[in-house]
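Written below as structure tokens is the structure these notes are about.
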Amino acid sequence: MLDLKQIRKNPQQVQARLNHRGDYDLEPLLKLDQQQRELETARSQLQARSNEIGKLVGQKIKSGADPKGSEVKALKEEGNDIKAQLSQLEPTEKEIKHQIESFLLALPNLPSESTPLGESEEQNVEVRRWGDEYIPQDKAILPHWEIGEKLGILNFERSTKIAQSRFVTLIGAGAALERALIQYMLDRHIQAGYTEVMPPFLVNSASLTGSGQLPKFAEESFKCDRDDLWLSPTAEVPVTNLHRDEILSSTDLPLHYCAYTPCFRREAGSYGRDTRGLIRLHQFNKVEMYKFVRPETSEAEHEALVNDAEAILQGLKLPYRVLELCTGDLGFSANKTYDLEVWLPSSDKYREISSCSNCGDFQARRASIRFKEPGVKGGQFVHTLNGSGLAIGRTMAAVLENYQQPDGSVQVPEVLQRYLGREVI
RNA sequence: GGAGAGGUGGCAGAGUGGUCGAAUGCGCUCGACUUGAAAUCGAGUGUACCGAAAGGUACCGUGGGUUCGAAUCCCACCCUCUCCGCCA
């Protein structure tokens, strides 16, 4: 959520930065804000008098005045009069406040100053590449779903029977490989100082609002309708809300978490895209990294976060590149994002496997997560960062494709061998 | 699902119609004492909004209602805990 005070103070500047992201008009918000403040002034003056009357009546009666006498009666009448006026003002003000709130909740984060300008992914900027030497040279490369089905470790067809399309069942070595990837990633991040958490996979509406998925992206998540619970689309949601409505001590910061969770996404509007394989499923596993940090450290923490995600790909010897997203491609809550794209030889291109975002104080404002310096009055919002480290299904796809052998088998990456207990699948 | 208890400041916990934004304790901050620390003593210590300031307003789970006046009374809802049932 953006800071209303900042918008009020520099409307043109905020508007200009929002324009880089899309079509947003702050005019209605500024009008509502103006109205709200006028109403608030009028209302609080009436309330002040009302409070005064309340006290006066109490005093008079206590000091022996006749509760039914004319003096007290006059005060009560004035009190009733004020109440009548307030009953006009209050609902109007409340309604306007709601409108302001809804408006603010629908505005995306402002891009950071350093984010490249652009309208779509075409304008994303490649920052670096790694692992060219590991790109397979073999021409007869099969897509991962064919490799998986041949080896009998992935089954899509039967999954439609169990659930729908866009689900997969992992079998035998496939299931084991998935587990091995999860554990390898968690172990590596824990080693790097992240604290593992395993949160609830169902989250309530307040949590989704706190991290930025609601109200705008309700269509993206599966909902358990009778319970105000949703299937979490990413661990970012529960982990953000681990500290919702908290005032942390500055000595607790930074907080570095990692979490394995399944992720559930409706993928509404992506019909026809990536219909085969592990790339776009309604349910997938992911290991997520998440940081709560002091504002002045968030940029450095962001760079470190990307490096932590890269470390996994490097460990697995999977070729990848790092992109910085342009303003038009930035996610709703992010002010700056690096995407990691892994090499998928079957389609002869890089595909997103991790997204590492700095959200600044955007989520902290929504979820009310502050920190306080001991001995200093007042608190300030933390900065939050999140990054996939990594999406497991897509990593599996990359491993199957990059490690496939001419005989149809798949070499197990060295770092996974001790988890899997075998060298070849 | 059934029965009961309860939701108050960073935490614990008092408060059942008026000077209650809220006792007390803990914690925290500052000061005194001390070589230093502990202990002790003293002072201070919620959040948000409006305002240049003085100051004002709101907030005791949420939303309504009664009243001149509500943390306190009434209604509805939500949540948490305990016991029973069911269950991995």
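Letters A, B, ... are given to chains in the order of the sequence lines, protein chains preceding strands, and every chain is numbered from 1. Computed from a predicted model, the values in this text were never measured in an experiment.
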Looking at [N], I'd like to know if its phosphate oxygens (OP1 or OP2) sit under 4.0 Å from a side-chain N or O belonging to [X].
X: A:Arg370; N: B:rA48; answer: yes
X: A:Asn51; N: B:rU57; answer: yes
X: A:Lys94; N: B:rG64; answer: yes
X: A:Lys83; N: B:rG69; answer: yes
X: A:Arg8; N: B:rC50; answer: yes
X: A:Lys5; N: B:rC49; answer: yes
X: A:Arg43; N: B:rC50; answer: no

How far does the [atom1] atom of [N] sit from the matching atom of [M], given to the nearest Å?
N: B:rG18; M: B:rG25; atom1: P; answer: 24 Å
N: B:rU34; M: B:rG7; atom1: P; answer: 47 Å
N: B:rA23; M: B:rA43; atom1: P; answer: 15 Å
N: B:rA22; M: B:rG9; atom1: P; answer: 15 Å
N: B:rA48; M: B:rC11; atom1: P; answer: 15 Å
N: B:rG61; M: B:rU67; atom1: P; answer: 23 Å
N: B:rG85; M: B:rG17; atom1: P; answer: 41 Å
N: B:rC60; M: B:rC20; atom1: C1'; answer: 10 Å

Taking atom [atom2] of [N] as reference, at what distance in whole Å does atom [atom1] of [X] sit?
X: A:Leu39; N: B:rG56; atom1: CG; atom2: C1'; result: 17 Å
X: A:Leu86; N: B:rA70; atom1: CG; atom2: P; result: 11 Å
X: A:Ile53; N: B:rU57; atom1: CD1; atom2: P; result: 12 Å
X: A:Glu101; N: B:rU62; atom1: CD; atom2: P; result: 15 Å
X: A:Ile247; N: B:rC28; atom1: CD1; atom2: P; result: 17 Å
X: A:Leu248; N: B:rC11; atom1: CG; atom2: P; result: 13 Å
X: A:His98; N: B:rG63; atom1: NE2; atom2: C1'; result: 10 Å
X: A:Glu246; N: B:rU47; atom1: CD; atom2: P; result: 16 Å

Is it true that the side chains of A:Ser298 and A:His383 contain a donor and an acceptor less than 3.5 Å apart?
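Checked: A:Ser298/A:His383 side chains pair up, N/O donor to acceptor below 3.5 Å.
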
Which of these nucleotides, [options], is closest to any side-chain atom of [X]?
X: A:Glu40; options: B:rA58, B:rC49, B:rC68; value: B:rC49
X: A:Val57; options: B:rG18, B:rU67, B:rU57; value: B:rG18
X: A:Asn80; options: B:rC68, B:rG64, B:rG56; value: B:rC68
X: A:Ile61; options: B:rU57, B:rG69, B:rG18; value: B:rG18

Are the charged groups of [X] and [Y] less than 4.0 angstrom apart, N to O?
X: A:Arg265; Y: A:Glu267; result: no
X: A:Asp308; Y: A:Arg188; result: yes
X: A:Arg49; Y: A:Glu52; result: yes
X: A:Arg43; Y: A:Glu93; result: yes
X: A:Arg266; Y: A:Glu219; result: yes
X: A:Arg351; Y: A:Glu341; result: no

Tell me if a side-chain donor or acceptor on A:Asp361 pairs with a main-chain N or O of A:Ala364 at a distance below 3.5 Å.
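It does not hold such a pair.
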
Quick check: are there more than 12 heavy atoms from other residues, nucleotides or ligands sitting under 6.0 Å from CD of A:Glu296?
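Yes, because the 6.0 Å sphere around CD of A:Glu296 holds more than 12 heavy atoms from other groups.
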
Dot-bracket notation for RNA chain B is requested: 5' to 3', Watson-Crick or G-U wobble pairs only, both distances under 3.5 Å, with ( ), [ ], | and . as defined.
((((((((.[[[..)..(.....]]]((((((.......))))))(((((....))))).[[[[[..)....]]]]])))))))....

Mapping A:Thr41 and A:Gly58 to their closest nucleotides on RNA chain B, which lands nearer the 5' end?
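This one resolves to A:Gly58.
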
On RNA chain B, check which nucleotide each of A:Gln47 and A:Arg37 is closest to and give me the residue with the more 5' one.
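Its nucleotide being nearer the 5' end, the pick is A:Arg37.
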
